[in-house]
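These notes concern the structure reproduced below.
Fair warning: this is a prediction, and the values are worked out from it, not measured in the lab. Proteins get letters first, then strands, A, B, ... in listed order; numbering begins at 1 in each. Just so it is clear, the values below take in all heavy atoms, side chains as well, and ignore hydrogens, waters and symmetry mates.
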There are 2 protein chains.
Amino acid sequence: MALPKHPAKLDLGDYLPYLVNRVGTIIADQFGEEALAAHGLSIAMWRVMAALASTGGQRQIDLADLTSIDSSTLSRLVTRLVRLGLVTRARSTSSNREVAIKLSPKGGALVAQLIPIGHEFESAAIAGLAPEELMTLKRCLRRIYSNMKARPAAAPTGRPKRAAV
Amino acid sequence: MALPKHPAKLDLGDYLPYLVNRVGTIIADQFGEEALAAHGLSIAMWRVMAALASTGGQRQIDLADLTSIDSSTLSRLVTRLVRLGLVTRARSTSSNREVAIKLSPKGGALVAQLIPIGHEFESAAIAGLAPEELMTLKRCLRRIYSNMKARPAAAPTGRPKRAAV
């Protein structure tokens, strides 16, 4: 039997994927319950609206990049947001074949109400961190994300390669 | 109208909750698909098994602390793990009223197979980070988690206060 490359134990309290995941989850759960649930929005729907608020109308492919949501999931989310009257799909002004996604006036008003709450959650989360710690934290998180995006999928186990996240 | 305390826009690419959440999600999705799905395990079930592997049998309340999973969710997860034959519930040796949760031999064998894969995922994630960056990253993530745990819930919106995550 080959010697294991790694220790046979795993200390969750020092295991980076656990430390990251529980932070991502606790913020998303609290923000979801306190700010989004009353409006019927999920975290992913909120992300789409925040991206549209900051950048204006977007083609769906660019919106997928901005939000790290894969295109088939994004398509369903946009359909739900359209049904809620929060976004619209319209022919692009630059190309008749492209569809641009935009906030509706109702969607714009809602996201303008949610963005300050989003900033408050961020402030609460990072309380006590020094500015240079925050810079390091963000830089590391961007690097880890690109490491994982670039990672080759492991030996297939009979299922299709994973979809983009 | 009161002046907003925060800017009216939100740049997702510099917004910490987004940067954390997408990292937590991409690692969990890849590990889930490549290592866990074939065994019928979720990330939360894997966490429970990893905690049991590292610490031995645990009372459910201590297991909740170790895994940051709330007790009612944990109770359901343990039931599923028992049905899969991966863990057992047994009377504690120290108190007849307490139930200790342990890995079964089958569960121990499976987690011994998964832990090295877990370490490989962590190594892939943190590739290129300097040791002191990794220390800062972990320290910041622990601080943010405790900030969010200690955070008072916002003004209630008619729903019960959130459950512990």
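No hydrogens or angles considered: nothing links the side chains of B:S42 and B:R80 as a donor-acceptor pair under 3.5 Å.
Of all heavy-atom pairs between A:A44 and A:I69, the closest is O-CD1, 3.8 Å. The two residues B:I43 and B:F31 come nearest to each other via the heavy atoms CD1-CD2, 4.0 Å. The minimum heavy-atom distance linking B:I101 with B:L52 is given by the pair O-CD2, 3.3 Å. Between B:A125 and A:I144, the closest heavy-atom pair is O-CG1, 3.3 Å. Summarising the geometry of A:S71 relative to A:Q60, their closest heavy-atom pair is O-NE2, 3.7 Å, with the distance given to 0.1 Å. For B:S75 against B:R89, the heavy-atom pair with the smallest separation is O-NH2, 3.3 Å.
Geometric assessment of B:R151 against the ring of A:F121 yields a positive cation-pi assignment under the 6.0 Å and 45° thresholds.
The part of B:L12 that comes within reach of chain A is its side chain, from C-beta onward, which places non-hydrogen atoms under 4.5 angstrom from that chain. Looking at B:Y15, the atoms closer than 4.5 Å to chain A (heavy atoms on both sides) sit in the backbone and in the side chain alike. Contacts between B:S54 and chain A at a heavy-atom distance below 4.5 Å involve backbone atoms as well as side-chain atoms. If you measure heavy-atom distances from B:T67 to chain A, the contacts under 4.5 Å come from both the backbone and the side chain. Interface remark: A:L16 contributes backbone and side-chain atoms alike to the contact with chain B (heavy atom separation under 4.5 Å). The contact between B:L19 and chain A is made by backbone and side chain atoms together, counting heavy-atom distances below 4.5 Å.
Remark: side-chain polar atoms of A:S104 are paired, donor with acceptor, to backbone N or O of A:G85 under 3.5 angstrom.
Remark: A:I61 CD1 is loosely packed, at most 12 non-hydrogen atoms of other residues, nucleotides or ligands lying under 6.0 Å away.
With chain A as the partner, the residue from B:A28, B:S146, B:G128 showing the most heavy-atom pairs under 4.5 Å is B:G128. For chain B, the option among A:A127, A:A51, A:A53, A:G24 with the highest count of heavy-atom pairs below 4.5 Å is A:A127.
At a heavy-atom cut-off of under 4.5 Å, chain A is reached by no residue from residues 105-114 of chain B.
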